[in-house]
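Working notes, beginning with the structure itself.
Note: hydrogens, waters and symmetry copies are ignored here, and every other heavy atom, side chains too, is used. Both ligands and their constituent atoms are indexed starting at 1 by order of listing.
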Amino acid sequence: MKRVFLETYGCQMNVADSETMAGVLEAAGMTLTERPEDADAILLNTCAIREHAEQRVLGRLGEFARLKRHRPGLVVGAAGCMAQHLRKRLLDHSAVLDLVVGPDGYRDLPELLRRAAGEPVAHVRLDRDETYGDLEPRRGPGVRAWITVQRGCDKFCTYCVVPYTRGRERSLPLETLIEQVRRAVASGYREVVFLGQTVNSYHDGAHDFADLLRATDGVEGLLRIRYTSPHPSDMSDRVIAAMAECEKVMPQVHLPLQSASDPVLSAMDRTYTLEEYTNVVRRLRAAIPGIALSTDIIVGFPGESAEDFERTASFMREVRYDSAFLFKYSARPDTKAWRWTETVTEEAKGERLTRLIDQQQRISGEIHDGLVGSEVEVLVEGRARRDAGQLFGKSAHFKTVVFADDGTPPGALRRLRVVGSTPLTLFGASLARSAPPLVRITSA
Ligand code: SAM
Ligand code: SF4
């Protein structure tokens, strides 16, 4: 067993987990391949958050079943949340799978893959102590390093499968994390993004999330710090003060709301009311003027009435988020809400989703238009995907900025004037060009 093809689905934490897996596999003498056809083993790092995510993986397994017909020795494995969620059922019901491994089994991956070449193997034990803190991830190229500071979740929102697939919340020691940040900087990364399901509830027994931000701010060579996703109920004054006072912590936060209706928030067990959430937004904006805010919204949760939905739509207009991830509710086995009767039809969910997408697109566009003429500092990432003659990077507020290639290397900071915008992208030019454009650019 030498060559492994690893494919990742789902959230940023899965991407970070795949980097840990890649590190474990390479340390065992295995290599990663670019194409499944070249591999001795195929591993899918899966997501279970919505049914659609699981359907995509099942579709992909169908493709690998065809590949396996020509190469019977090929080992196919499912890792991550969906593997944990469906456990042995996945192994029993799939003709193609040889290995099922949950989020706490990655340390043993090389051995599990070898065993799976002989007989079907399942490793789906959740481990309260596993943090992978001592393992060296194999990160891809780029300027941004993702660092998992906390695993699992204790919140048990009634719609969410994560506490069942990733187990109880546990934090890595602050010293371990600062060492990981230093190593990432030594490898050339300029920005770190701390990851956790409720990242601001981070606590290693002696230090909280504010301590972690302040300690990271002192790491030499690091330019920027971000984190995702904080939980509104854990947004303490200490964390907000650390954000405001630490020079490297960027003025941007993703603050999942889910719904702006108190009865819906209560049925979701989100642990905050709309007033409490609004207070968090107020405190953040007072401490960090101009902070960029984004959010997650679920439409069509059981019991969400037309008025509940209108409340969410109007609250989003009041807050004016910079961007939003908008989802249709998807009932997930194991969760509390799974047993509840769905009251919103697929059609109505679709209509609500479309309305929020259109509304958010308009608001994001207006916010971006308002930035035309202003100055931004961009951490340059590399060539723009759509135009090789252009570079791109992120502003402090996490806006993608595209500008003419002037030779600025990835990892450098570049000050630019915003000269055009779309709802997704800003266009920058050298500061000498001060006049804003005469027309608004409407497509990227
Ligand atoms: N831990 C984060 C938090 O509490 O905000 C979010 C983690 S989850 C991977 C990302 C988003 O997926 C959630 O904020 C929620 O909006 C969405 N989500 C989770 N379960 C869902 C479900 N059953 N149906 C639709 N969306 C869901
Ligand atoms: Fe899921 Fe809620 Fe935990 Fe976020 S806080 S991971 S939505 S249970």
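- Looking at R238 and D211, a side-chain N of the basic residue comes within less than 4.0 Å of a carboxylate O on the acidic one, giving a salt bridge.
- When only modelled atom types and interatomic distance are considered, S201 and E169 share a side-chain donor-acceptor pair under 3.5 Å.
- Judged by distance alone, with hydrogens and angles left aside, the side-chain atoms of D204 form a donor-acceptor pair with the main-chain N or O of H207 at under 3.5 Å.
- One finds a salt bridge joining E54 and R332 here, because a Lys/Arg side-chain nitrogen approaches an Asp/Glu carboxylate oxygen to under 4.0 Å.
- Look at R166 and you'll find every heavy atom at least 4.0 Å from all atoms of ligand 2.
- Between E7 and Y9, the side chains place a donor N or O and an acceptor N or O closer than 3.5 Å (distance only, hydrogens not considered).
- Which parts of ligand 2 touch T198 is read off a 4.0 Å heavy-atom cut-off, strictly below it: atoms 5 (S).
- Take a cut-off of 2.8 Å around atom 1 (Fe) of ligand 2: the protein N, O or S atoms inside it are C160 SG.
- Geometrically, R226 does not engage F398 in a cation-pi contact defined by less than 6.0 Å to the ring centre and at most 45° from the axis.
- For the residue pair D262/T273, the side-chain donor-acceptor check at 3.5 Å is not satisfied.
- The closest side-chain donor-acceptor pair between S294 and H254 falls under 3.5 angstrom.
- With respect to the salt-bridge test (charged N to carboxylate O, under 4.0 angstrom), the residues E191 and K394 do not qualify.
- Between F301 and Y329, the ring-plane angle classifies as perpendicular under the 30° and 60° cut-offs.
- Near ligand 1, I49, R50, Y159, Q197, P256, Q258, R270, D296, I298, F327, K328, Y329, S330, R332 each place a heavy atom less than 4.0 angstrom from the ligand.
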